[in-house]
Amino acid sequence: MQVSTGTQVTLEYTLMLDDRSVVETNVGREPLTYTHGTQQLIPGLQQALEGMAVGETKQVTVTPDDGYGAIDPSAFREVDQELVPSNARKVGAQLQGKTQEGKPVFPRVAEVKGDRIVLDFNHPLAGKTLHFDVRVLDVAHV
């Protein structure tokens, strides 16, 4: 059986950046199971998995356009430092909050400008080319 729309796919993967640093892996841990064709994966990875069979491995490169998108300049917000906890007023700090509608957001501190903090609301992998090593462990009809 091959990966196709509507099949339940179980896979093992390692996600790396251009410098080959590992962002995430589930090798040796709980595999990822998803329903193919339901937009549960980024488009570039889902497209690359189409037609693969159980036991097959593949190296996949996903550009930002087929991954988490380009960096959106409008997703940066400058706020007063008093709105940011004192222990998080440093570049790279990950914050957690909610929109006015109650949706969770996870901005990162992009810059500290005196008493102002620049928050980046882009996905952490936006603008990055992603490299996946994948292995299909199982394919089943749902």
Side-chain angles (χ1 to χ4, degrees), residues 2-140 142:
Q2 294 182 322
V3 175
S4 61
T5 299
T7 57
Q8 185 173 14
V9 182
T10 302
L11 50 90
E12 184 175 79
Y13 70 92
T14 298
L15 166 58
M16 295 165 284
L17 300 177
D18 281 336
D19 65 3
R20 305 316 271 176
S21 62
V22 174
V23 173
E24 184 176 276
T25 185
N26 70 349
V27 175
R29 298 194 297 251
E30 186 73 27
L32 172 68
T33 300
Y34 75 100
T35 302
H36 195 74
T38 59
Q39 288 76 44
Q40 292 175 314
L41 300 179
I42 57 173
L45 181 58
Q46 181 169 279
Q47 182 179 8
L49 293 169
E50 183 79 27
M52 288 182 69
V54 173
E56 193 174 344
T57 61
K58 186 184 272 190
Q59 292 183 330
V60 178
T61 298
V62 178
T63 63
D65 286 344
D66 290 327
Y68 292 96
I71 293 174
D72 179 1
S74 69
F76 290 84
R77 300 278 189 278
E78 192 170 309
V79 300
D80 184 52
Q81 74 173 355
E82 297 305 315
L83 295 174
V84 177
S86 59
N87 63 339
R89 295 177 190 163
K90 57 185 178 282
V91 173
Q94 184 75 52
L95 302 172
Q96 180 176 348
K98 289 187 179 183
T99 64
Q100 291 178 343
E101 297 80 28
K103 178 184 171 195
V105 291
F106 303 93
R108 287 175 324 285
V109 174
E111 188 178 351
V112 177
K113 298 173 153 183
D115 64 347
R116 305 288 289 168
I117 306 282
V118 178
L119 300 178
D120 179 359
F121 287 85
N122 283 289
H123 188 282
L125 296 175
K128 299 193 183 324
T129 298
L130 309 174
H131 304 275
F132 291 90
D133 288 341
V134 295
R135 182 165 64 109
V136 175
L137 302 175
D138 191 37
V139 179
V142 179

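Between the side chains of T63 and D65, not a single donor N or O lies within less than 3.5 Å of an accepting N or O. Between the side chains of H36 and E50, a donor-acceptor pair is found at a separation under 3.5 Å. A donor atom on one side chain and an acceptor atom on the other are found under 3.5 Å apart for Q40 and T38.
Not a single donor-acceptor pair under 3.5 Å links the side chain of D120 to the backbone N or O of R108. Remark: side-chain polar atoms of E56 are not paired, donor with acceptor, to backbone N or O of V136 under 3.5 angstrom. Panel note: side chain E12, backbone N26; no donor-acceptor pair is recorded below 3.5 Å. Formation of a donor-acceptor pair under 3.5 Å by the T7 side chain with backbone atoms of V9 is not found in this model. When atom types are taken as modelled, the side chain of R20 and the backbone of H131 share no donor-acceptor pair closer than 3.5 angstrom.
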Query - R89 vs E82, side-chain contact (heavy atoms from CB on, under 4.5 Å): CA-CA, chis, key distance, verdict - result: CA-CA 9 Å; R89 295 177 190 163; E82 297 305 315; 4.0 Å; yes
Report task. Apply side-chain contact (heavy atoms from CB on, under 4.5 Å) to L119 and L83, showing your working. Result -> CA-CA 11 Å; L119 300 178; L83 295 174; over 6 Å; no
Query - Residues Q8, T33; criterion side-chain contact (heavy atoms from CB on, under 4.5 Å); working and verdict - result: CA-CA 7 Å; Q8 185 173 14; T33 300; 3.1 Å; yes
Requested in this report: Determine, step by step, whether L45 and L130 satisfy the side-chain contact (heavy atoms from CB on, under 4.5 Å) criterion, reporting the C-alpha distance in whole Å, the side-chain angles of both residues, the deciding distance to 0.1 Å, and the verdict.
Outcome: CA-CA 9 Å; L45 181 58; L130 309 174; over 6 Å; no
Requested in this report: Please lay out, stage by stage, how Q2 and S4 fare under the test side chain to side chain donor-acceptor pair (under 3.5 Å).
Outcome: CA-CA 6 Å; Q2 294 182 322; S4 61; over 6 Å; no
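Under the 4.5 Å side-chain criterion, counting only non-hydrogen atoms from C-beta, Y68 is not in contact with K128. Residues D133 and T57 fail the side-chain proximity criterion, which asks for heavy atoms closer than 4.5 Å.
T10 contributes atom OG1, which lies 6.5 Å from atom CG of L137 (distance to the nearest 0.5 angstrom). Taking NZ of K58 as the start and CG of L49 as the end, the distance is 7.0 Å to the nearest 0.5 Å. Taking CD of Q59 as the start and OG1 of T14 as the end, the distance is 10.5 Å to the nearest 0.5 Å. R116 contributes atom CZ, which lies 10.0 Å from atom CD of Q81 (distance to the nearest 0.5 angstrom). Note that the CD atom of E111 and the CZ atom of F76 stand 9.5 Å from one another [nearest 0.5 Å]. With rounding to the nearest 0.5 Å, the separation of OH in Y34 from CG in L41 is 5.0 Å.
For V54 against D138, the heavy-atom pair with the smallest separation is CG2-CA, 3.8 Å. Across every non-hydrogen atom of G6 and V142, the tightest pair is O-CG2, 3.0 Å. Shortest non-hydrogen contact noted between L11 and Y13 is CD1-CD2, 4.0 Å. Taking all atoms of both residues into account, the shortest heavy-atom contact from L95 to P85 is CD2-CD, 4.2 Å. Nearest heavy atoms, V109 versus A88: CG2-O, 3.3 Å. The two atoms that bring G67 and P43 nearest to each other are O-CD, 4.2 Å, heavy atoms only.
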